[in-house]
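Only a predicted model underlies this, so the values are computations on that prediction, with no experimental measurement involved. The residues of the chain are indexed from 1 along the displayed sequence.
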Amino acid sequence: TMISSVILTKNEEENIEECIKSLNWCDEVIVIDNYSEDKTREVAKKLGTKVFRHHLNNDFAQQRNFGLGKAKGEWVLFLDADERVSLALAKEIRQEVKRDKHYAFIFKRKDFFLEKPLRFGETAKVKLLRMAKKDGQWVRPVHEVWQNKWRTKTLKNPIFHYSHPSISQILSQINFHSTLHAKALKQEGVKFSLFRLIFNPLGKFFQNYFYRLGLLDGTPGLIMALMMSFHSFLARAKLYQLK
């Protein structure tokens, strides 16, 4: 059974080597690069991966669909450049692929922020469908979803996610993603609401910091909860701007 992995990149020379090395158990590793201006492509090629340049065009779904089309494996795993597959997860994936060919696999994710693991809050609840037999397509430009015909199964071992090494980087990413999210909301016919502009961010903060116990993650937990609320606020504010 051939397993392909697909990684989306843009200026990821600091992350890409560790990401690719965590996939050395795959039969094929493919990098879809959004015209990086650093050494992402050179590092990836040196490690024996197939590299394709393709414009993101503010649409993560079409970028993932391009990668899906390039994959030759019966199974396809999608990973971001700041994510890693542990040895335990790699072993679990191989066992599951041998055991049952009728599932799409959902992964839990363990986040590390400001060099500390986040055990609570929104990020601790993240579950992502990232692996299945080659089928279907990704939809939605941001917060994209893989639509396919397979039943889902959640694996025990998480993907490790080393996101946002600095505050400035998380702000930059929030600014970019909130713009795409606002445009997607408009395309989906969502109307601007002053109530949601005020109370969505407040509700999100209360949920992440208190209800989901983000406060137990200390200062990184507080910063992450505030950043997630800021993302919610920016998306609704930009929806107003688009109106």
Side-chain angles (χ1 to χ4, degrees), residues 4-13 15-16 19-20 28-38 40-41 44 49-73 75-83 104-107 109 122-123 126-150 152 159 161 163-164 169-192 200 227-228 230-243:
S4 298
S5 56
V6 176
I7 310 165
L8 304 189
T9 59
K10 170 73 173 182
N11 296 335
E12 293 284 1
E13 67 177 342
N15 281 318
I16 193 63
C19 180
I20 291 170
E28 176 184 56
V29 180
I30 297 168
V31 167
I32 308 299
D33 184 65
N34 179 27
Y35 288 82
S36 291
E37 290 137 10
D38 62 4
T40 298
R41 293 192 311 280
T49 64
K50 298 175 183 176
V51 180
F52 299 93
R53 297 173 90 182
H54 192 255
H55 284 292
L56 178 67
N57 291 325
N58 293 333
D59 189 336
F60 283 97
Q62 65 84 25
Q63 194 79 332
R64 292 192 189 277
N65 286 330
F66 180 80
L68 193 62
K70 294 295 181 185
K72 293 180 179 175
W75 289 84
V76 185
L77 165 67
F78 283 88
L79 209 65
D80 292 339
D82 58 4
E83 295 173 339
F105 297 126
I106 292 175
F107 297 86
R109 198 163 70 171
E122 180 176 334
T123 55
V126 169
K127 289 185 178 179
L128 304 161
L129 196 162
R130 288 287 194 80
M131 184 173 182
K133 292 186 80 172
K134 190 174 176 180
D135 175 70
Q137 65 174 353
W138 290 82
V139 297
R140 209 173 186 275
V142 67
H143 303 152
E144 61 277 17
V145 177
W146 189 357
Q147 291 183 342
N148 57 48
K149 64 188 178 187
W150 310 110
T152 59
I159 290 173
H161 185 213
S163 64
H164 321 306
Q169 280 178 294
I170 190 173
L171 282 170
S172 175
Q173 197 164 19
I174 285 171
N175 186 40
F176 177 63
H177 281 86
S178 60
T179 298
L180 299 187
H181 189 41
K183 288 178 180 176
L185 288 173
K186 186 181 180 185
Q187 287 173 355
E188 291 161 3
V190 175
K191 303 293 185 187
F192 171 77
N200 271 31
M227 290 295 181
M228 292 296 99
F230 187 48
H231 179 281
S232 178
F233 171 79
L234 276 183
R236 296 288 166 175
K238 289 175 180 179
L239 181 62
Y240 174 76
Q241 186 179 25
L242 289 173
K243 184 189 75 148

*Measure across E144 and W138 and return the closest heavy-atom pair with its distance rounded to 0.1 Å.*
CG-CE3, 3.5 Å
*If you measure from CD on E83 to CG on L128, what distance do you get to the nearest 0.5 Å?*
7.0 Å
*Could you give me the CA-CA distance, side-chain angles and deciding distance for F78 and R64, then say whether side chain to side chain contact (heavy atoms under 4.5 Å, CB included) is met?*
CA-CA 8 Å; F78 283 88; R64 292 192 189 277; 3.7 Å; yes
*State whether the side chain of D135 and the backbone N or O of K149 hold a donor-acceptor pair below 3.5 Å, judged by distance alone.*
yes
*Please answer whether the main-chain N or O of I30 pairs with a side-chain N or O of K70 as donor and acceptor at a distance below 3.5 Å.*
no
*Just wondering, more than 12 heavy atoms not from F66 lying within 6.0 Å of its CZ?*
yes
*Is a donor on one side and an acceptor on the other found under 3.5 Å between the side chain of D80 and the backbone of D82?*
no
*Should the heavy atoms of other residues, nucleotides or ligands under 6.0 Å from OH of Y240 be counted, would the total exceed 12?*
no
*asked:* Using 0.5 Å steps for rounding, measure from the CD atom of E28 to the NZ atom of K72.
replied: 6.5 Å
_Whether over 12 other heavy atoms sit under 6.0 Å from K183 NZ_ = no
*Heavy-atom closest contact (P141 atom, A184 atom, distance)*: CD-CB, 4.4 Å
*When rounded to the nearest 0.5 angstrom, what distance separates CD in Q173 from NE2 in H177?*
5.0 Å
*Taking the side chain from N34 and the backbone from L56, do they hold a donor-acceptor pair closer than 3.5 Å?*
yes
*Is there a donor-acceptor contact under 3.5 Å from the side chain of N175 to the main chain of L171?*
no
*Show the numbers, then the answer: is there a side chain to side chain contact (heavy atoms under 4.5 Å, CB included) between K243 and L239?*
CA-CA 6 Å; K243 184 189 75 148; L239 181 62; over 6 Å; no
*Any idea how Y35 and H55 line up, ring-wise: parallel (<30°), tilted (30 to 60°), or perpendicular (>60°)?*
parallel
_Where A71 and S4 come nearest, the two heavy atoms and their spacing_ = CB-CB, 3.8 Å
*Taking C-beta and beyond as the side chain, do V145 and R140 meet within less than 4.5 Å on heavy atoms?*
no
*Is it true that a side-chain atom of S5 and a backbone atom of V76 form a donor plus acceptor pair closer than 3.5 Å?*
no
*Taking atom CZ of F192 and atom CZ of R236, what is their separation to the nearest 0.5 Å?*
9.0 Å
*Would you sort out whether R41 and V31 count as a side chain to side chain contact (heavy atoms under 4.5 Å, CB included), showing the intermediate values?*
CA-CA 8 Å; R41 293 192 311 280; V31 167; over 6 Å; no
*For L68, does its backbone N or O pair with a side-chain atom of K134 as donor and acceptor, under 3.5 Å?*
yes
_Atom CZ of F230 with >12 non-hydrogen neighbours under 6.0 angstrom_ = no
*Can you check whether F233 reaches I174 side chain to side chain, under 4.5 Å on heavy atoms?*
no
_Under 3.5 Å donor-acceptor, Q62 side chain and D59 backbone_ = yes
*Side-chain (S232) to main-chain (M228) donor-acceptor, under 3.5 angstrom*: no
*asked:* If we ignore hydrogens and angles and just use 3.5 Å, is the side chain of Q147 paired with the main-chain N or O of V139 as donor and acceptor?
replied: no
*Taking the six-membered ring for Trp, are H143 and H231 parallel (under 30°), tilted (30 to 60°) or perpendicular (over 60°)?*
tilted
*What's the shortest heavy-atom distance between L8 and Q63, and which atoms?*
CD2-CG, 3.8 Å
*Step through the shown structure and confirm whether more than 12 heavy atoms of other residues, nucleotides or ligands are within 6.0 Å of CD on E188.*
yes
_Which heavy atom of A81 sits nearest to which heavy atom of I16, and what is that distance?_
CB-CD1, 4.4 Å
*What is the distance from atom CE of M131 to atom CH2 of W150, rounded to the nearest 0.5 Å?*
12.5 Å
*Which value, rounded to the nearest 0.5 Å, describes the distance between S36 atom OG and R53 atom CZ?*
8.5 Å
